[in-house]
Peer 1: 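Here it is: the structure, laid out below.
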Amino acid sequence: MNVPLFERAAILGFGLIGSSLARALSENGLVGEIVCGDASQVACDAVIELGLASRATTDLADAVHDADLVVFAVPVGAYAAVGHAIAHNLKAGAIVTDVGSVKESVVQSLQPLLPDYVQLVPGHPLAGTENSGPRSGFAGLFSGRWCVLTPVPGTDPAAIARIRALWEACGSKVEEMDPAHHDRTLAITSHLPHLIAYTIVHTATELEQDMQAEVIKFSASGFRDFTRLAASDPVMWRDIFLSNREGVLEMLQRFTEDLTNLQKAIRRGDGDILHETFTRTRAVRRGIIDARQAEPEALKTGAPRAAS
Ligand code: NAP
């Protein structure tokens with residue numbers, strides 16, 4: 001068991017990520033006490049029933065009272081409202097961090113709201129599933145996964161070191177990055193794949209009735225894997241696309257150009273281009289397995305953990 005890094009952690013938003021972090025912090029003895037702040041009374045009741053926090057409240061300002069660690073784990077579109085609600089009640093010396101999937105807009109919306117006697121260390125664990133809510137979390141979610149920290153210049157290095165230590169103790173590998181670079185990277189590795197999945201599944205729902213039945217029946221031939229991504233939380237993903245507009249639009253433009261090239265190759269019967277492209281993409285999959293960011297079995301089960 002570790003020596004606690006913080007006396008009291010307030011986790012705001014106790015869904016998949018917030019509750020997984022709470023479980024990991026408790027299991028590893030990293031905090032003295034956990035307080036839950038969540039807009040949903042149903043979530044608060046579940047948190048107490050599951051024994052994930054000593055206290056759960058829908059009053060977020062009350063939740064952060066006397067906390068030396070405050071974690072934003074709400075959808076990124078709610079950051080400004082939550083920041084306004086809690087700023088006046090933050091303890092001097094507290095560290096505020098987050099788990100949001102977008103970083104530049106989050107830093108921009110949160111930084112101006114926080115008093116200068118707290119430190120902001122934004123973060124993003126690259127781990128997740130398509131499930132939501134406090135019952136869906138599990139302590140091992142972050143194990144072996146990356147967590148990206150995007151501290152702004154001028155942040156106390158000791159605060160960054162404490163947040164790094166927290167994620168490492170939860171089993172994550174930690175890397176620091178500029179917020180804009182994070183958003184561009186995640187636009188291609190996470191946001192665009194989800195957009196494509198949402199589109200394919202939406203297209204299938206628009207097909208005529210008899211085709212729809214066959215889409216479900218024969219889904220294991222590829223469609224099923226897209227449905228897992230497309231089952232991800234609508235509020236969370238709406239907020240991600242609106243918050244990382246530039247990054248997603250840039251990658252979407254590149255994707256559209258490449259798709260048009262493949263479309264041309266198919267029309268012209270140019271098998272060489274198709275074969276060359278598919279050979280290169282197959283090597284990417286092998287590289288991900290070698291980097292231990294996917295299990296070879298996942299190829300068979302189609303059930304890898306996503307990173308949003
Ligand atoms: P989730 O399971 O839907 O949980 C979010 C929780 O926050 C819900 O209980 C929700 O209550 C509550 N909430 C929403 N707005 C709130 C507000 N204004 N004030 C207080 N509580 C509020 O979401 P999640 O998947 O854990 O995602 C949380 C954050 O983690 C997001 O910023 C997301 O970008 C990031 N993230 C997600 C993943 C992933 O794969 N899911 C991975 C990495 C990072 P209601 O149910 O009543 O709305």
Side-chain angles (χ1 to χ4, degrees), residues 10-24 35-50 52-53 56-64 70-87 96-107 109-110 113 122-138 141-142 145-150 167 170 172 179 182-183 185-187 189-191 193-194 197 228-244 247-248 303-308:
I11 299 181
L12 309 177
F14 234 87
L16 169 73
I17 303 296
S19 75
S20 294
L21 181 60
R23 287 170 168 99
V35 177
C36 157
D38 197 293
S40 158
Q41 186 59 52
V42 175
C44 288
D45 292 344
V47 166
I48 295 303
E49 182 202 320
L50 296 165
L52 299 177
T57 173
T58 56
D59 181 343
L60 301 192
D62 179 39
V64 303
V70 175
V71 184
F72 277 60
V74 294
V76 292
Y79 273 44
V82 172
H84 274 293
I86 64 154
V96 176
T97 187
D98 82 309
V99 297
S101 307
V102 178
K103 297 275 56 101
E104 204 173 17
S105 67
V106 156
V107 174
S109 66
L110 212 48
L113 300 175
H124 177 202
L126 305 190
T129 74
E130 70 277 26
N131 300 317
S132 304
R135 294 181 193 279
S136 62
F138 54 101
L141 179 64
F142 311 111
R145 301 284 154 172
W146 286 101
C147 180
V148 178
L149 302 183
T150 62
W167 283 108
C170 291
S172 295
H182 166 279
D183 288 357
T185 305
L186 268 290
T189 59
S190 170
H191 305 168
H194 276 81
R228 188 181 59 77
L229 290 183
S232 301
D233 189 73
V235 173
M236 172 182 143
W237 280 97
R238 176 201 65 193
D239 289 358
I240 288 173
F241 290 120
L242 296 180
S243 305
N244 192 19
V248 171
R305 288 177 287 168
S308 308

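In each ligand, atom 1 is the first atom listed, and ligand 1 is the first ligand listed.
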Peer 1: Heavy atoms, side chains only, cut-off 4.5 Å: are Leu186 and Val102 in contact?
Peer 2: no
Peer 1: Measure Leu126 to ligand 1 on non-hydrogen atoms and call it side chain, backbone, both or neither using the 4.0 Å cut-off.
Peer 2: neither
Peer 1: Answer yes or no: is there a side-chain heavy-atom contact under 4.5 Å between His191 and Asp183?
Peer 2: no
Peer 1: What atoms in ligand 1 come closer than 4.0 Å to a heavy atom of Val76?
Peer 2: 32 (O)
Peer 1: Do Val106 and Ser243 make a side-chain contact, defined as non-hydrogen atoms from C-beta onward lying under 4.5 Å apart?
Peer 2: no
Peer 1: Do any nitrogen or oxygen atoms of Ala39 come within less than 3.5 Å of a nitrogen or oxygen of ligand 1?
Peer 2: yes
Peer 1: Considering distance alone, does some N or O of Gly133 sit under 3.5 Å from an N or O of ligand 1?
Peer 2: yes
Peer 1: Using 0.5 Å steps for rounding, measure from the CG atom of Leu141 to the CD1 atom of Ile17.
Peer 2: 5.0 Å
Peer 1: Just which atoms of ligand 1 are under 4.0 Å from any heavy atom in Val99?
Peer 2: 29 (C), 30 (O), 35 (C), 36 (N), 44 (C)
Peer 1: Considering distance alone, does some N or O of Ser101 sit under 3.5 Å from an N or O of ligand 1?
Peer 2: yes
Peer 1: I'd like to check which ligand 1 atoms, numbered from 1 as shown, lie under 4.0 Å from a non-hydrogen atom of Thr129.
Peer 2: 40 (O), 41 (N)
Peer 1: Out of Ala80, Ala46, Gly15, indicate the one that has the non-hydrogen atom closest to atom 4 (O) of ligand 1.
Peer 2: Gly15
Peer 1: Counting only N and O atoms by type, is there a donor-acceptor contact under 3.5 Å from the side chain of Asp38 to the main-chain atoms of Phe14?
Peer 2: yes
Peer 1: What atoms of ligand 1 come within less than 4.0 Å of a heavy atom belonging to Leu60?
Peer 2: 19 (N), 20 (C)
Peer 1: At under 4.0 Å between heavy atoms, which part of His124 makes contact with ligand 1: side chain, backbone, both or neither?
Peer 2: side chain
Peer 1: I need the contact type for Ser232 against ligand 1. Using non-hydrogen atoms and a strict under-4.0 Å cut-off, is it side chain, backbone, both or neither?
Peer 2: neither
Peer 1: Under a 3.5 Å distance rule, please check whether Asp98 uses its side chain to pair with a backbone N or O of Gly123 as donor and acceptor.
Peer 2: yes
Peer 1: Side chain of Ser19, backbone of Pro134: donor and acceptor closer than 3.5 Å?
Peer 2: yes
Peer 1: Who's closest to atom 6 (C) of ligand 1 heavy-atom-wise, of Ile11, Asp98, Asp38?
Peer 2: Asp38
Peer 1: When His182 is tested against each of Glu104, Lys103, His124 for side-chain hydrogen bond (donor to acceptor under 3.5 Å, both in side chains), which residue passes?
Peer 2: His124
Peer 1: So, does Ala127 sit close enough to ligand 1 that a heavy atom of it is under 4.0 Å from the ligand?
Peer 2: yes
Peer 1: Could you tell me, atom by atom, which parts of ligand 1 come under 4.0 Å of a heavy atom of Gly100?
Peer 2: 32 (O)
Peer 1: Do any nitrogen or oxygen atoms of Ile17 come within less than 3.5 Å of a nitrogen or oxygen of ligand 1?
Peer 2: yes
Peer 1: Is the closest N or O pair between Ala78 and ligand 1 shorter than 3.5 Å?
Peer 2: no
Peer 1: Would you say Tyr79's side chain and Gly100's backbone share a donor-acceptor pair under 3.5 angstrom?
Peer 2: yes
Peer 1: Based purely on interatomic distance, does Val74 place a nitrogen or oxygen under 3.5 Å from a nitrogen or oxygen of ligand 1?
Peer 2: yes
Peer 1: Distance under 4.0 Å to a non-hydrogen atom of Pro125: what atoms of ligand 1 satisfy this?
Peer 2: 43 (C)
Peer 1: Would you say Phe72 and Ile86 make side-chain contact, with heavy atoms under 4.5 Å?
Peer 2: yes
Peer 1: Out of all atoms in ligand 1, which are within 4.0 Å of some heavy atom of Ser40? Include the element for each.
Peer 2: 11 (O), 47 (O)
Peer 1: Are side-chain heavy atoms of Pro125 and Arg145 found at a separation under 4.5 Å?
Peer 2: no
Peer 1: Mind checking whether Phe142 and Trp167 have parallel, tilted or perpendicular rings, split at 30° and 60°?
Peer 2: perpendicular
